[in-house]
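Worksheet: one structure, shown below.
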Amino acid sequence: MPDLGADVVARLRAAGVERGGFVGLALRDGLGVGFAAGDAAFGVDAAAPVDVVRTVEDALQPRWVEWSNDVASVLVEGGLRLARCWDIAAVHRLLFGGWRADPARVIAVLSDLPTSGIPAMGQLNLLDATGDDGSDFDNPLRPDGYLRPEWVGGGWADSAERMARWAATALATQAHQQRRLAVLDAPARASAAARSESAAELLCAELAADGLPIDVARAEEIIASFVGPRTSSEADAAAERARRDAEVLRHVPASNDIDLRNPAGVKSLLNRVGVDVPNTRAWRLEPFRDAHPVVDAVLTWRKAERIATTYGYAWLDEHVVDGRLRGAWTGCDGAAGRMTAQAGLHNLPADMRDAVAAEPGYVFVRADLGQIEPRVLAAISGDRQFAAATADDDMYAPVAARLGVERAIAKVAVLAAMYGQTSGNAGQALRGLETAYPVAMEYLRAADEAGRDERDLRTHGGRLLRMWPTPDHLDGRERRAVANARGRFARNAMVQGAAAELFKTWAVTVRARAAVHGARIVLCLHDELLVHAPVAAADTVAAVLDDCLQEAASRWAPDRAVRFVADTSIITRWSDAKP
DNA sequence: ATCGTAGGCGCC
DNA sequence: AAAGGGCGCCTACGAT
């Protein structure tokens with residue numbers, strides 16, 4: 001077997017790995033610990049990450065272990081893209097819910113120690129000085145099992161021996177994790193989900209480093225169309241703001257003292273023209289658009305103000321460098337487990353999407369999952385009738401036929417059932433759903449009930465959904481409101497969380513399979529992937545995206561009763577996508 | 001001066 | 001009576 005270890009170590013060192021927090025762990029024959037990691041089986045190759053998922057069930061294969069994706073970020077910066085890993089923080093979030101997953105917390109939770117007892121830096125120095133003889137300080141763990149806080153801040157990187165100990169601690173933590181996976185009552189899916197979620201952390205590090213290709217000149221045009229040209233001085237900017245404000249205020253006499261950026265000001269402005277609203281949200285103002293010209297002016301102003309403040313020149317200058325929009329990514333939020341992104345990557349206004357453009361010689365291969373949440377509900381609930389509807393490209397059509405209602409009504413009813421909505425005009429169709437698809441509806445009802453009763457849940461992939469307590473001081477009505485909110489959250493999170501797991505499995509499969517074609521994922525958007533691919537590889541990559549969906553679906557839900565579909569297209573600008 | 005909250009809105 | 005879930009990010013405002 002070729003010894004590539006030295007080469008890998010050199011590359012890790014060149015990447016500043018010691019400073020960045022790499023746990024430096026290789027698992028070889030189940031025992032080896034240290035930094036001499038890597039041969040072909042590790043897939044440590046910047047040019048061609050391979051097999052992120054193909055070997056995902058094989059827990060015995062060598063696998064890099066990292067405390068969190070901070071490590072992956074350092075490696076990516078140094079030109080190293082791991083094929084797969086075990087991300088301790090990601091697995092911790094999966095198994096124990098919430099978002100906090102620093103090493104001290106992970107170790108405490110795995111050791112059944114109360115997190116309230118985690119020692120803080122400072123007080124432990126005192127304990128060490130009085131209690132220990134100091135020789136044991138080289139052990140990252142205290143006798144009581146808690147992590148020594150001195151090790152948290154980077155003390156582990158003082159020497160090669162210490163780095164090895166820290167690596168061994170990570171290894172032990174991983175072993176502990178795996179034991180937990182087996183003994184906890186988490187579903188068997190949790191083991192696969194742990195690997196998928198870990199790979200997603202690697203993807204996050206790469207997304208943050210690569211960024212989303214932006215046509216900066218086009219972005220400037222779009223911004224200018226909303227808020228006017230770029231200003232060179234603060235005075236000019238203020239004048240531009242005043243000009244936009246005046247366009248609204250001119251509709252109402254003696255209103256120059258009103259601050260449009262203060263909702264209360266907008267409310268009083270509307271009051272003066274006889275429009276009385278409880279708040280000034282756009283959907284509430286919409287019906288009054290014809291009542292007085294100032295309403296339309298306010299709505300137009302709001303849209304421009306959104307561009308000016310959030311997606312304007314300042315945003316462009318801060319987050320778009322060298323034609324790439326970059327922001328931090330997390331593999332899961334603290335609730336249902338969807339990915340999150342900063343710098344506006346997940347909430348770019350539709351009007352701005354014309355500025356998202358493939359670079360010369362490249363195209364975007366874009367694919368979004370069709371009706372992902374109801375299809376996921378069919379899979380996780382095991383409702384055979386609902387699953388049968390997924391055979392249709394548009395599953396709302398057979399559902400509507402079965403309920404004897406318009407498609408639009410059926411769609412609203414299904415969404416209402418998943419989101420916990422009880423108002424509106426979906427009521428009749430909702431009752432039809434109960435009759436036609438009792439298994440799926442019972443699944444949602446049970447989740448809702450667990451949420452109301454403050455009972456934690458696990459998603460299909462084993463993510464713990466923790467229910468927050470009702471504060472003691474609330475009165476009866478308030479308590480019911482909190483319980484209702486928990487019920488809605490639980491009902492939705494079981495579906496949304498499972499959909500996120502399927503999506504991430506799809507994404508990391510694409511990451512692995514598309515790399516050899518020179519293609520990279522540049523955006524993940526909950527049910528949509530944007531892949532930057534060489535023109536010559538576009539058709540191949542499009543096929544890869546579809547193949548990967550079937551592969552991911554079969555891994556995520558081996559029951560093939562549910563059909564998953566993707567709408568895939570090859571485009572040069574994001575705005576070319578069909579709405 | 002710094003912080004958390006509320007209202008608001010962008011996306012899914 | 002009744003208020004759909006998640007996230008990020010902006011501003012104004014009131015608390016500390």
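The sequence lines fix the lettering, A, B, ..., with proteins before strands; numbering per chain opens at 1.
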Side chain [X], main chain [Y], donor-acceptor under 3.5 Å:
X	Y	result
Glu501(A)	Gly461(A)	yes
Arg218(A)	Ala355(A)	no
Asp333(A)	Ala335(A)	yes
Lys504(A)	Ala199(A)	no
Arg375(A)	Thr390(A)	yes
Arg353(A)	Ser575(A)	no
Ser255(A)	Leu249(A)	yes
Trp315(A)	Ala343(A)	yes

What is the nucleic acid contact for [X], judged by heavy atoms within less than 4.0 Å: base, sugar-phosphate only, or nothing?
X	answer
Ala264(A)	nothing
Arg302(A)	sugar-phosphate
Arg281(A)	base
Arg480(A)	nothing

*chain A contact limits on DNA chain B, taken 5' to 3' with a cut-off of 4.0 angstrom to heavy atoms*: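 Footprint of chain A along DNA chain B, 5' to 3': dG7(B) to dC12(B).
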
*Report the distance from atom NZ of Lys411(A) to atom P of dG4(C), rounded to the nearest whole Å.*
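After rounding, the gap between these two atoms is 17 Å.
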
*asked:* I need a per-nucleotide contact map over nucleotides 6-16 of chain C, read 5' to 3'. Cutoff is protein heavy atoms under 4.0 Å; write B for the base, S for backbone only, - otherwise.
replied: BSBBSSSS---

*Is the distance between the ring centroids of Phe564(A) and Trp506(A) less than 6.0 Å?*
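Centroid separation for Phe564(A) and Trp506(A): 6.0 Å or greater.
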
_Between dA3(C) and dG7(B) - C1' atom distance, rounded Å_ =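 Comparing C1' positions in dG7(B) and dA3(C) gives a spacing of 16 Å.
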
*asked:* Within residues 439-453 of chain A, which residues have any heavy atom lying less than 4.0 Å from an atom of DNA chain C?
replied: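 Those residues whose heavy atoms fall under 4.0 Å from DNA chain C, taken from residues 439-453 of chain A, amount to none.
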
*Point-to-point distance, once rounded to the nearest 0.5 Å, from CZ of Arg466(A) to CZ of Arg458(A)*: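 Here the interatomic distance stands at 10.0 Å.
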
*Without hydrogens or angle criteria, can the side chains of Thr115(A) and Arg100(A) be said to hold a donor-acceptor pair below 3.5 Å?*
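Note: Thr115(A) and Arg100(A) side chains miss the donor-acceptor criterion.
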
